[in-house]
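Take a look at the structure set out below.
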Protein chains: 2
Amino acid sequence: MANLDVPKKQQILEAAQAAILAKGFSATSIDELIAEVGISKSGFFYHFRDKTILARALLERYIEQDDVVFDRAFDEADALSEDPLHSFLIALKLLAKVFDDMPNGHPGCMVACICYHEQLFDQEVRNINAKAVLSWRTRFRKRIERIAERYEPRINIDLDDLADMFSVVGDGGIILSRVVGDKSLLPRQLLLYRDFVRLIFEPVQVSDKP
Amino acid sequence: MANLDVPKKQQILEAAQAAILAKGFSATSIDELIAEVGISKSGFFYHFRDKTILARALLERYIEQDDVVFDRAFDEADALSEDPLHSFLIALKLLAKVFDDMPNGHPGCMVACICYHEQLFDQEVRNINAKAVLSWRTRFRKRIERIAERYEPRINIDLDDLADMFSVVGDGGIILSRVVGDKSLLPRQLLLYRDFVRLIFEPVQVSDKP
DNA sequence: AGCAAACTGGACCGCAGGTACAGTACCTGT
DNA sequence: ACAGGTACTGTACCTGCGGTCCAGTTTGCT
């Protein structure tokens with residue numbers, strides 16, 4: 001049934017990511033994962049010393065995949081405009097579209113998921129989590145800095161805060177999307193963040209009105 | 001040791017809320033709760049048929065407490081200004097201050113916490129969760145509608161989305177605050193949301209610059 | 001042939017969530 | 001005074017899950 005060429009360890013990670021984001025870490029049992037990928041319990045513990053090691057691997061994997069999505073959107077945007085503000089606005093639109101195109105909505109953020117299970121994990125996992133958020137901050141801050149060099153912001157703003165706000169709106173948007181069962185809520189919120197950036201930096205008076 | 005006048009049921013809810021927001025639902029054991037409040041296991045199950053009933057009670061309690069905080073901030077703001085925009089901006093500043101004054105930062109949002117443990121609970125709990133988010137939407141939308149009646153928004157904006165954005169920034173801000181270990185992150189994000197509202201509706205050109 | 005990586009199988013442990021049920025202390029209305 | 005409800009205690013027991021231990025097997029590389 002499962003792909004025979006994919007190593008079992010990858011299959012476990014795959015199955016675990018889906019299950020954990022959908023049901024939560026504790027609600028996902030090892031028994032259920034090994035049944036799904038067709039491996040023995042001993043086989044599972046051969047790859048992962050315990051469940052927290054699985055969580056760590058999952059988190060690292062998630063962050064890598066996330067970075068790929070960001071890189072793609074920013075690269076594509078850069079190809080379409082050399083202006084830092086326009087490129088950033090395009091990237092935000094692309095990112096919103098990526099999430100909008102997901103058939104069942106965003107599967108959930110592993111960082112947020114682990115945040116609400118925190119004490120189950122060791123300091124190492126929490127450090128990875130913090131590092132991921134700070135890397136997002138750096139990524140967005142760089143972009144926003146380049147915008148601020150060219151465009152005078154309309155209000156006084158802390159660039160780190162504005163950079164963090166992307167992650168804040170992302171994680172908060174994922175939660176509200178799920179809770180109210182409206183998958184378009186997350187992309188709409190990201191576009192709202194985009195409007196905010198536009199209002200801060202875009203020099204001419206904006207009017208979308210008819 | 002514990003307050004003798006407070007009924008045990010209340011004491012359990014108190015202890016459970018703190019533990020669950022700090023460590024997560026599954027990481028909080030019934031044994032640990034009954035040890036803390038000094039009740040027997042049978043006593044616990046007398047009050048709560050099972051752990052999910054405890055979660056339901058906790059969620060309902062949390063939403064009530066949250067509403068009180070909102071009511072207080074909005075009432076106080078209304079007393080300070082009759083203008084819907086100014087009152088709203090004051091309320092947001094007050095709310096940011098409430099969270100900033102919490103010695104250990106915001107303890108975590110029960111709605112978000114339960115969202116990431118979803119499949120552990122029944123439809124009823126998820127309905128309560130959705131109802132809470134929608135009640136926040138309604139609360140903020142009413143305020144924003146009154147603002148939009150008086151002030152022409154600078155950009156085309158969906159009022160429900162802008163109302164939801166408060167909850168989005170709140171829940172996202174709580175997560176990032178915890179992950180990076182910076183308790184001031186949440187209030188700063190709320191003030192950023194406030195800046196957004198101001199940029200949309202405030203008619204005169206704003207300048208905080210020296 | 002020999003070795004390592006990737007497993008299988010089975011026995012076993014402790015903890016957490018829960019069930020079942022009998023008993024008790026205290027308060028309240030008739 | 002006693003009947004009945006509320007708020008518990010104590011004990012025994014069951015299940016599922018995470019986890020350990022360990023001996024043995026298959027597969028592929030050199």
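So you know, we letter chains A, B, ... as the sequences are listed, proteins then strands, and number each from 1. Excluded from the calculations below are hydrogen atoms, water molecules and symmetry mates; all remaining heavy atoms, backbone and side chain alike, are included. What you see is a predicted model; the values in this text were computed from it and never measured.
Listed by chain and residue number, nothing satisfies the ring-ring contact (aromatic ring centres under 6.0 Å, His included) test with B/F45 (two or more places apart in sequence, or in another chain). With sequence neighbours excluded, no residue forms a ring-ring contact (aromatic ring centres under 6.0 Å, His included) with B/Y116. For B/H47, there are no ring-ring contact (aromatic ring centres under 6.0 Å, His included) partners two or more places apart in sequence or in a different chain. For the ring-ring contact (aromatic ring centres under 6.0 Å, His included) test, residues two or more places apart in sequence or in another chain that qualify with A/F74 are A/F140. In this structure, the side-chain hydrogen bond (donor to acceptor under 3.5 Å, both in side chains) partners of B/R56, at least two apart in sequence or on a different chain, are B/D122. For B/S87, the side-chain hydrogen bond (donor to acceptor under 3.5 Å, both in side chains) criterion is met by B/D78, not counting sequence neighbours.
A salt bridge links B/K23 with B/E32; the closest basic N to acidic carboxylate O contact falls under 4.0 Å.
Rounding to whole angstrom units, CG of residue A/L33 and P of D/dG16 are separated by 18 Å. Distance CG (B/D31) to P (C/dG18): 12 Å, rounded to an integer number of Å. With rounding to whole Å, B/I34 atom CD1 is found 14 Å from C/dC15 atom P.
Sorted by first and then second residue, the pairs that involve residues 82-92 of chain A and meet salt bridge (charged side-chain N to carboxylate O under 4.0 Å, His left out), not counting sequence neighbours, are A/D83-A/R150. Here side chain to side chain donor-acceptor pair (under 3.5 Å) pairs that include residues 100-111 of chain B, with residues two or more places apart or in two chains, are B/K97-B/D101.
Across all strands shown, A/S26 has no heavy atoms under 4.0 Å from either base or sugar-phosphate atoms. Residue contacts shown for B/S40 include a base, since a base heavy atom lies under 4.0 Å away.
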Below 3.5 Å is the cut-off: list the nitrogen or oxygen pairs between protein and nucleotides 26-30 of chain D, distance only.
none

Pairs under 3.5 angstrom only: tabulate donor-acceptor contacts from the side chains of residues 160-169 of chain B to other protein residues two or more places apart or in another chain.
residue, atom, partner, partner atom, Å
B/D160, OD1, B/R141, NH1, 3.2
B/D161, OD1, A/R188, NE, 2.9
B/D161, OD1, A/R188, NH2, 3.0
B/D161, OD2, A/R188, NE, 3.0
B/D164, OD1, B/R137, NE, 2.9
B/D164, OD2, B/R137, NE, 3.1
B/D164, OD2, B/R137, NH2, 2.8

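Contacts with DNA chain C (heavy atom under 4.0 Å) in residues 41-52 of chain A: A/S42, A/G43, A/Y46, A/H47, listed by number. For the contact set between residues 14-24 of chain B and DNA chain D, defined by any heavy atom under 4.0 Å, there are no members.
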